[in-house]
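Here's the structure, in structure tokens; my notes come after.
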Amino acid sequence: MAIHDTAIIHPAAIVEDGAVVGADCEIGPFAVVGPEVVLGDNCVLKSHAVVAGWTTIGDKTTIYPFASVGHAPQDLKFAGERTKLEIGSQNRIREGVTLNPGTLGGGNLTKIGNNNLLMVNAHIGHDCILGDNIVVANGVSLGGHVIVEDNVVLGGHSAIHQFCRIGTGAMLAGFAAVAEDVIPFGMAHGNRADLTGLNLVGLKRSGYDKSDINSLRAAFKDVFHQDTGTLQNRLTQALADYPESGLVAQMVAFAQSDTSRGLCTPKGR
């Protein structure tokens, strides 16, 4: 056990032998830190937070009461193999959140990036990969092997099917049930979720050039609201029609990459 001498640990907390606790960490009453856990500097575990398993947590991450971080994945194939949960820096993991490590069949790793807000009772399943600056609202559920790219907003109680991808800057409405990949800066809602447009507010807040946003809007219309040719042909044509647009290139690359789930499209398309 390596506990930095500036760490503050409540006498009612349990920090098991082997755990590493960084400088200026605070561990509250009845919190539990397992023997293979590594906490970076300035982490805070509120009362009754539990961190178990082979779990690493970056600096300045706060975990709130009754969050369960690093316990065995909810996968019937899991046989106790040693797999990892890796959490970056400056994350806020609110009350009742569950975060599971990876599985042997999924690359042995669940990974959470930096500066994410995981709100009350959210569940991040095994082998998920999350980027940075993501908002996961109350009650969101991610099945195993889900990929969520940077700057995404997942609305309250939305659910994402195993192996789906959510592209950069996308937004899901509350209670959306997503069974297919959502393009970068796409907006989706419903059960099962349809693609309803572009997250224009997110694009503007991200500082993209107005001409690039306009190109993406035009390409989105060409690809998803035209009936000529196949979807893949329209994607290829959009790349040719808007060669200077990085946003169009990003959308096309995402939509044309390999996936087992298909692509979320507008209703009736």
Side-chain angles (χ1 to χ4, degrees), residues 73-75 93-94 96-100 102-103 105-107 110-113 116-203 206 216 219-221 223-225 231-232 234-235 247 250-269:
Q74 299 177 103
D75 183 344
I93 301 171
R94 295 300 308 233
V97 167
T98 54
L99 285 161
N100 295 154
T103 63
T110 300
K111 185 173 182 179
I112 313 296
N116 298 301
L117 172 58
L118 310 183
M119 294 171 68
V120 172
N121 292 333
H123 170 68
I124 311 298
H126 60 84
D127 304 292
C128 288
I129 305 295
L130 274 64
D132 303 332
N133 307 309
I134 297 166
V135 176
V136 180
N138 298 338
V140 169
S141 181
L142 273 61
H145 312 274
V146 168
I147 296 173
V148 182
E149 297 181 352
D150 298 344
N151 303 309
V152 166
V153 177
L154 304 179
H157 298 279
S158 57
I160 304 175
H161 195 284
Q162 294 95 326
F163 295 99
C164 282
R165 298 175 300 146
I166 310 298
T168 299
M171 178 178 285
L172 304 185
F175 293 93
V178 177
E180 297 171 305
D181 297 347
V182 179
I183 60 169
F185 293 101
M187 295 185 68
H189 77 83
N191 181 13
R192 302 287 180 107
D194 300 307
L195 187 65
T196 59
L198 293 171
N199 182 10
L200 296 175
V201 172
L203 283 161
S206 297
L216 180 62
F220 180 89
K221 182 177 179 180
V223 169
F224 293 106
H225 292 283
L231 175 63
Q232 291 301 320
R234 295 196 298 272
L235 285 164
L247 287 172
Q250 185 179 7
M251 179 185 74
V252 172
F254 181 96
Q256 290 187 330
S257 58
D258 289 339
T259 177
S260 62
R261 295 304 310 169
L263 195 67
C264 186
T265 58
K267 190 172 183 178
R269 294 284 171 174

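Positions are given from 1 along the sequence. Being a predicted model, the structure only gives us computed values, none of them experimental.
Remark: I112 CD1 to I129 CD1 distance equals 8.0 Å, nearest 0.5 Å.
Every residue was checked against the salt bridge (Lys or Arg N to Asp or Glu O under 4.0 Å) condition with D127, not counting sequence neighbours, and none meets it. Take H189 and apply the side-chain contact (heavy atoms from CB on, under 4.5 Å) test, not counting sequence neighbours, and it matches A173, T196.
With 3.5 Å as the limit, one finds no donor-acceptor pair spanning the side chains of H123 and S141.
Summarising the geometry of H126 relative to P73, their closest heavy-atom pair is CB-CB, 3.5 Å, with the distance given to 0.1 Å.
Judged by distance alone, with hydrogens and angles left aside, the side-chain atoms of N138 form no donor-acceptor pair with the main-chain N or O of M119 at under 3.5 Å. The backbone N or O of G169 sits less than 3.5 Å from a side-chain atom of N199, completing a donor-acceptor pair. The closest donor-acceptor contact from the side chain of R261 to the backbone of A179 lies under 3.5 Å. Of the possible donor and acceptor atoms, one in the side chain of R165 sits under 3.5 Å from a partner among the backbone N and O of F254. With hydrogens and angles ignored, the 3.5 Å screen pairs a side-chain donor or acceptor of N116 with a backbone N or O of I134. Distance alone, capped at 3.5 Å, places no donor-acceptor pair between the R94 side chain and the V120 backbone.
The shortest distance between side-chain heavy atoms of M187 and L200 does not fall below 4.5 Å.
When each of I160, V148, V146, L99 is paired with C128, the side chain to side chain contact (heavy atoms under 4.5 Å, CB included) condition holds for V146 and for no other. Between L130 and the choices L142, L154, I147, I166, the side chain to side chain contact (heavy atoms under 4.5 Å, CB included) rule is met once, by L142.
Ring geometry, H157 versus F175: the interplanar angle falls under 30°, so the pair is classed parallel (tilted spans 30 to 60°).
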